[in-house]
2 protein chains.
Amino acid sequence: MTFQKRTHKILELLEHHGEVEIRQLATEIGVSEVTVRRDLASMAKDGLLYRTHGGAMKISELIKPVSFANKAAVNLKAKDAICKRAAEDIIDGDVIFIDCGSTAFRLCQFIKNKKIKVITNSLPVVNELQHSTVTINLIGGEVDTTRQAVHGTMAYEHIARYHASKAFLGVDGIAAEGLYAGSEHEASNTLAMASQSDCVYMLCDASKIGKTSYLKFNDLSLVDILVSDYNGPEVTEFGSKGISVLSVTV
Amino acid sequence: MTFQKRTHKILELLEHHGEVEIRQLATEIGVSEVTVRRDLASMAKDGLLYRTHGGAMKISELIKPVSFANKAAVNLKAKDAICKRAAEDIIDGDVIFIDCGSTAFRLCQFIKNKKIKVITNSLPVVNELQHSTVTINLIGGEVDTTRQAVHGTMAYEHIARYHASKAFLGVDGIAAEGLYAGSEHEASNTLAMASQSDCVYMLCDASKIGKTSYLKFNDLSLVDILVSDYNGPEVTEFGSKGISVLSVTV
DNA sequence: TCATAATTGATCAAAAATAATCAAAATGAA
DNA sequence: TTCATTTTGATTATTTTTGATCAATTATGA
């Protein structure tokens, strides 16, 4: 049994049990304790395990948790209900865009077990999907630490090189006249992702419906499907403009 | 049986079993052990397999991805000393590359108050520099959750569009013969960043000096400055190959 | 705290595997 | 065929790996 093979075996046992003893490894593998000790020393040097007296332990992944938190405090229940409904439309094999808004972020929890590819410019989304079956593609460019997202020319060029079956986006406001953004960056990003998608899902809780801001960046034709907990008169108007509206109840 | 036929047979056995022994191959193929050894040496040189004592392994069997948290826990003090020295060379206005290694990551703590631009493919680096005076540019592409980094074709293209005054990089091993990487992704990334930088700083703790791995990706000419806590005979050899060596004490 | 037991690191020797050298055999061209 | 080249196998020195031994260190319980 070579060193490489023993390394494999030790890591396997470690993964399964969390810790191992030298005595036990020596008999299990069929080599002397001195050899096992040498193996463990070498592996510890490479950071594959943590050496203890008489054995070794797994190095905890929790030493330094890298985290990009999303502080989406408002209207959480509505956002979750909207995203739960939107996730039902996502099927294995899909390639989807998720933008850096607090609404689209809530979609992550519902897609963790799907076999899809997610393209995003949101750091919290990447963080949230890290330990899932989803493959992640991160848009490159300048990092906006306030928004915890990537933007800039390079980012929009990057988006332009991809194509997705569905895009899950948010806006600052949506009214009959069009779509409103909170910043030019958000507007550019939304446009870039929408133009590269077959089907654009707009995720808007009730507070966004009818709201306008200083920056109207596009008319409603950008949107294919609106998912919302709102149920007022504007909804029929959106419908008449070619948007399918998925209503959810909170 | 010709060399080509034997090569084919060995690869077949390797594919099926994952590993082979020289003794076993010699009897199976009907040639002497010396010949088998010669075959394996030649194949290993071409990267078709990994040579072990008494046999060979499939490269894919050998690769054991080590998580970022694991690597980060090793030789912390040496890494900090190295990065502290390296940071002294970074001046306001610099544009620098930082790679996704655990050594270069330790550089973050020393540059938080500098007015520089950092281009990186490392998620922990972005996280660490979030609340600092540094402007961050994140490389886009596929996210590798084990290494906590971005890689892939898109990433290397992205890097090629930038230019930096300095690059702070790590390797798996550095010896007189050249630079060794832990994976092809790491190799591609290191090359991409180095080629777009005026000055390449290689950050290596003592355990990396003289170490080799299965993947040699470049000779030493890539490196301008080596920062290390190692002080042995190899250092003068590096010096004679045109590398400036900055020695630090832990 | 101290004493006892267990574990470790260091050194050394044996065994196995390898690299290097050289001669024999096979191959191929003139 | 003959000569040169390549390939193979035997031999030997060197290196690597492994296991044993023992002093030094560390953990544990009285």
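Not measured: the values here are computed from a predicted model. Just so it is clear: chains get the letters A, B, ... in the order the sequence lines come, proteins before strands, and each one is counted from 1.
Here A:Gln109 pairs with A:Asp80 under the side-chain hydrogen bond (donor to acceptor under 3.5 Å, both in side chains) rule; sequence neighbours left out. Judged as a side-chain contact (heavy atoms from CB on, under 4.5 Å), and not counting sequence neighbours, the contacts of A:Glu19 are A:Met57. Looking at residues two or more places apart in sequence or on another chain, you find a side-chain contact (heavy atoms from CB on, under 4.5 Å) between A:Lys84 and A:Phe110. Residues that satisfy the side-chain contact (heavy atoms from CB on, under 4.5 Å) test with B:Val223, not counting sequence neighbours, are B:Leu179, B:Met202, B:Ile243.
For D:dG9, neither phosphate oxygen OP1 nor OP2 lies less than 4.0 angstrom from any side-chain nitrogen or oxygen of B:Arg37. OP1 or OP2 of D:dT8 lies within a sub-4.0 Å distance of a side-chain N or O belonging to B:Arg6.
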Could you go through nucleotides 22-25 of chain C and list every protein N or O atom that sits under 3.5 Å from one of its N or O atoms, giving the distance for each pair?
none

Under 3.5 Å, which protein N or O atoms sit close to an N or O of nucleotides 26-30 of chain D? Give each pair with its distance.
from   : atom 1 : to      : atom 2 : distance (Å)
D:dT26 : O3'    : A:His53 : NE2    : 2.9

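For the pair B:Glu21 CD and C:dA17 C1', the computed distance is 12 Å after rounding to whole Å. Computed from coordinates, the B:Glu33 CD to D:dT11 P distance equals 13 Å when rounded to whole Å. The separation between B:Lys5 atom NZ and D:dT8 atom P is 14 Å, rounded to whole Å. The distance between atom CG of A:Asp39 and atom P of D:dG19, rounded to the nearest whole Å, is 10 Å. Here C:dA17 presents its P atom at 15 Å from CE of A:Met1, a figure rounded to the nearest Å. Look at CZ on B:Arg51: it is 17 Å from P on C:dA16, rounded to the nearest Å. Remark: P of D:dT6 and CD of B:Gln4 are 14 Å apart, rounded to the nearest angstrom.
Side-chain contact annotation: A:His158 with A:Asn121, donor-acceptor N/O pair under 3.5 Å absent. Between the side chains of B:Tyr162 and B:Asn137, at least one donor N or O sits under 3.5 Å from an acceptor N or O.
Among the atoms of the strands shown, none is found under 4.0 Å from any heavy atom of A:Thr2.
Nearest-nucleotide positions on DNA chain C place A:Arg23 closer to the 5' end than the other of A:Arg23 and B:Gly54.
Of all nucleotides listed (D:dT18, C:dT8, C:dT18), D:dT18 comes nearest to the side chain of A:Thr35. Nearest nucleotide to the B:Ser32 side chain, out of D:dA20, C:dT18, D:dA10: D:dA10.
Between B:Ile90 and B:Lys166 the shortest heavy-atom distance is CA-NZ, 4.3 Å.
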* Verify side-chain hydrogen bond (donor to acceptor under 3.5 Å, both in side chains) between B:Asn189 and B:Glu186, making sure each step is shown before the conclusion. => CA-CA 5 Å; B:Asn189 191 74; B:Glu186 285 173 30; over 6 Å; no
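In this structure, A:Lys9 does not pair ionically with A:Glu12, as no charged nitrogen and carboxylate oxygen lie closer than 4.0 Å.
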